[in-house]
Chemist: 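The structure under discussion is supplied below as structure tokens; questions concerning it will follow.
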Amino acid sequence: LALYFHSGEREEKCIIKDVPSDTLVIGNYKVQRWDIHKQGFLESAPGLGMFVTVTTPSAEVLLSKLYGPQGTFSFTSYLSGEHVICLQSNSTRFVAFAGSKLRIHLDIRVGEHFLDESVVQAKDKVNEVNFRLEHLIEQIHHISKEQNYEREREEKFRKTSEETNSNILWWAIVQTLILISIGIWQIKSLRDFFISKKLV
Amino acid sequence: MPLRGSRAAGPRGRLPPLLLVALAACAAQASEITFELPDNAKQCFYEEIVQGTKCTLEFQVITGGHYDVDCRLEDPDGIVLYKEMKKQYDSFTFTASRNGTYKFCFSNEFSTFTHKTVYFDFQVGEDPPLFPSENRVTALTQMESACVSIHEALKSVIDYQTHFRLREAQGRSRAEDLNTRVAYWSIGEAIILLVVSIGQVFLLKSFFSDKRTTTTRVGS
């Protein structure tokens, strides 16, 4: 787990993952707490846990669990779209406790397919190539799923653009009609007014 | 072989431990993260890199404002390796000159009220070869070479797909912004039009109504 970032004690940090449906997403994290006295990050902080919340694109909560200072969580998306993974520590310390922060190591993998290590152990050349081929097939399936999802999104994009186009046209027509009818009404109203005031 | 955007796992079962350590040291890692950067905020990420590793940082702004962000990459000594202001998309490759923790930060401090969604992909090291040549007796067979070239091609397909997905997300975000803006402005304009024209008539009428006695006096 190499990539890390800092966060406040009670701060919630969120990551967005845009995935197609039926995709397995696995997250690995490790959290360390800053120690004032040692001026360093503690290797292990017992009692420190992280709430992991995963929200689907339709704002439903898919996963909401408390894990320890180090953990692995996973979920399978059943809708395609932007899933939001949020991490928040369960620290009950006051926010005013200055200088305390957390170091969160994070690694999120999408569509990971576990290698069958026993097959790798076999010295048989044919099996090895077979096993690599299976992986390539999984990769192709993933690409195909992403492409399907891309097609859905492009359709949504196209609909939005067409809606904008017809909106502009419709509103331009409405405004022109309003302008013409108001103009006619104005002239008529003023003419009747001046006639009634015997100015014309 | 696992997919890009995930850590590559070498064929650990087959190699002696010493080679395993050496391989782990130059095992590839790719972290791609999409996060939301609030206005006036700065978000930094750190990674420990071994000397001599070739690394690539690529980022793109997906939604928000003018779709730009400040980015800054520093080495363990604090020397700035890469610094760009208000960039929409960029890719930067460098070789780590020394061991240590490298830091890169994205800043939205120039923006007053727009949140930005930023995607970045930080690739450390090269992917390990599909068929490692450490304890090989013969050259790669045709099947194996075919697998290697298919794998390379698929990796680049996934790469292009990711880029396309980001561009499409950016375009869609702009289109949705445009749609709402057109709707609100059109309704606003129509209302203003009605109010102003009706108001004009009544104002004009009011000029001639109450001052009737005064106008006749001016005339005579």
Side-chain angles (χ1 to χ4, degrees), chain A residues 2-6 13-18 82 103 106-113 115 117-118 120-121 123 125 128-129 132-133 135-136 138-140 142-143 146-147 149-150 153-154 156-157 160-161 163-164 167-168 170-172 174-175 178-179 182-183 185-186 189-190 193-194 197 199, chain B residues 1-3 5-7 9 11-14 29 31-36 43-49 117 119 122 124 130-131 141 143-144 147 150-151 154-155 157-158 161-162 164-165 168-169 171-172 175-176 178-179 182-183 186-187 189-190 193-194 197-198 200-201 204-205 208-209 212:
Chain A
L3 187 79
Y4 63 85
F5 56 93
H6 294 146
K13 286 284 180 184
C14 295
I15 303 264
I16 302 170
K17 274 289 172 197
D18 200 355
E82 286 188 351
R103 175 178 287 181
L106 191 61
D107 180 31
I108 300 186
R109 308 177 210 174
V110 175
E112 176 87 13
H113 302 281
L115 312 183
E117 289 295 339
S118 58
V120 183
Q121 304 262 3
K123 300 284 180 155
K125 273 286 165 250
E128 187 194 346
V129 169
R132 295 285 178 223
L133 278 174
H135 256 278
L136 290 178
E138 292 279 12
Q139 237 178 342
I140 295 176
H142 175 84
I143 290 173
E146 282 270 359
Q147 275 187 332
Y149 178 35
E150 187 53 49
R153 273 182 304 197
E154 192 274 335
K156 186 169 154 208
F157 187 175
T160 308
S161 303
E163 198 186 308
T164 308
N167 258 351
I168 291 175
W170 165 240
W171 278 108
V174 164
Q175 278 180 10
I178 288 178
L179 200 60
I182 285 283
W185 174 79
Q186 271 186 332
S189 170
L190 284 173
F193 178 69
F194 287 145
K197 296 285 181 210
L199 292 167
Chain B
M1 202 49 102
L3 306 155
S6 59
R7 188 183 308 168
R12 298 181 200 286
R14 290 175 45 204
Q29 268 189 41
S31 322
E32 56 170 36
I33 291 186
T34 313
F35 65 99
E36 202 173 299
Q43 180 70 45
C44 293
F45 295 89
Y46 308 81
E47 178 130 14
E48 283 190 33
I49 305 177
T117 312
Y119 160 90
F122 193 55
V124 175
L130 212 55
F131 300 101
T141 64
M143 275 292 274
E144 288 170 346
C147 278
I150 292 176
H151 179 69
L154 287 181
K155 270 205 298 204
V157 168
I158 291 178
Q161 233 181 11
T162 309
F164 187 66
R165 172 169 63 88
E168 183 272 335
R172 191 161 30 96
E176 281 164 4
L178 187 64
N179 197 17
V182 161
S186 307
I187 294 175
E189 258 189 67
L193 201 59
L194 281 170
S197 15
I198 295 175
Q200 269 181 337
V201 168
L204 213 56
K205 282 190 188 173
F208 293 92
S209 316
R212 217 172 145 209

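The structure presented is a predicted model; accordingly, all values stated were derived computationally and were not measured. Each chain gets a letter, A, B and so on, in the order its sequence line appears, and its residues count up from 1.
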Chemist: Taking the side chain as every heavy atom from C-beta outward, state whether Gln43(B) and Lys13(A) have any atom pair closer than 4.5 Å.
Modeler: yes

Chemist: Below 4.5 Å from any heavy atom of chain A, which atoms of Leu193(B) appear? Answer side chain, backbone, both or neither.
Modeler: side chain

Chemist: What is the distance from atom CG of Asn167(A) to atom CG of Leu178(B), rounded to the nearest 0.5 Å?
Modeler: 10.0 Å

Chemist: Evaluate side chain to side chain contact (heavy atoms under 4.5 Å, CB included) for Thr34(B) paired with Asp18(A), printing each intermediate quantity in order.
Modeler: CA-CA 9 Å; Thr34(B) 313; Asp18(A) 200 355; over 6 Å; no

Chemist: For Ala175(B) and Thr164(A), which heavy atoms make the closest approach, and how far apart are they?
Modeler: O-OG1, 4.1 Å

Chemist: Do Glu32(B) and Lys17(A) have side-chain heavy atoms sitting under 4.5 Å apart?
Modeler: yes

Chemist: Is Ile15(A) close to chain B through its backbone or its side chain, or both, or neither, when contacts mean heavy atoms under 4.5 Å?
Modeler: both

Chemist: Let's test your reading of the structure: which of Glu189(B), Gln200(B), Glu168(B), Glu36(B) forms the most heavy-atom pairs below 4.5 Å with chain A?
Modeler: Glu168(B)

Chemist: Just wondering, do Ile198(B) and Ile182(A) contact through their side chains at under 4.5 Å, heavy atoms?
Modeler: yes

Chemist: Check whether Glu154(A) gets within reach of chain B through its side chain, its backbone, both or neither, counting any heavy atom under 4.5 Å.
Modeler: backbone

Chemist: Using a 4.5 Å cut-off on heavy atoms from C-beta on, say whether the side chain of Met143(B) contacts that of Arg132(A).
Modeler: no

Chemist: Let's go through His151(B) and His135(A) carefully: what are the C-alpha distance in whole Å and the side-chain angles of both, what is the deciding distance for side chain to side chain contact (heavy atoms under 4.5 Å, CB included) to 0.1 Å, and is it a yes or a no?
Modeler: CA-CA 9 Å; His151(B) 179 69; His135(A) 256 278; over 6 Å; no

Chemist: Once you measure the plane-to-plane angle for Tyr46(B) and Tyr4(A), does it fall in the parallel (<30°), tilted (30-60°) or perpendicular (>60°) bin?
Modeler: parallel

Chemist: Of the backbone (N, CA, C, O) and the side chain (C-beta and beyond), which part of Trp185(A) lies under 4.5 Å from a heavy atom of chain B, both, or neither?
Modeler: side chain

Chemist: Hey, does the side chain of Gln161(B) reach the backbone of Ile143(A) with a donor-acceptor pair shorter than 3.5 angstrom?
Modeler: yes

Chemist: To the nearest 0.5 angstrom, please state how far the CD atom of Glu146(A) sits from the CD1 atom of Ile158(B).
Modeler: 8.0 Å

Chemist: Which atoms of Glu150(A) come close to chain B, meaning under 4.5 Å heavy atom to heavy atom: side chain ones, backbone ones, both, or neither?
Modeler: side chain

Chemist: Which atom names give the shortest non-hydrogen contact between Ser197(B) and Gln186(A), and what distance separates them?
Modeler: O-NE2, 3.0 Å

Chemist: Go through the atoms of Leu190(A) and report whether side chain, backbone, both or neither lie under 4.5 Å from a heavy atom of chain B.
Modeler: side chain

Chemist: Side chain from CB out, backbone as N, CA, C, O: work out which of these in Cys44(B) comes under 4.5 Å of a heavy atom of chain A, or both, or neither.
Modeler: backbone

Chemist: Are Lys156(A) and Glu176(B) side-chain neighbours, meaning at least one heavy-atom pair lies under 4.5 Å?
Modeler: yes

Chemist: For Leu136(A) and Cys147(B), work out which heavy atoms get closest and say how close.
Modeler: CD1-O, 3.9 Å

Chemist: Knowing that exactly one of Phe122(B), Phe45(B), Phe35(B) qualifies, which makes a ring pair (Phe, Tyr, Trp, His ring centres under 6.0 Å) with Phe5(A)?
Modeler: Phe45(B)

Chemist: Under 3.5 Å, is there a donor-acceptor pair between the side chain of Gln175(A) and the main chain of Ser186(B)?
Modeler: yes

Chemist: Please state whether the side chain, the backbone, both or neither of Ile187(B) comes within less than 4.5 Å of a heavy atom of chain A.
Modeler: both

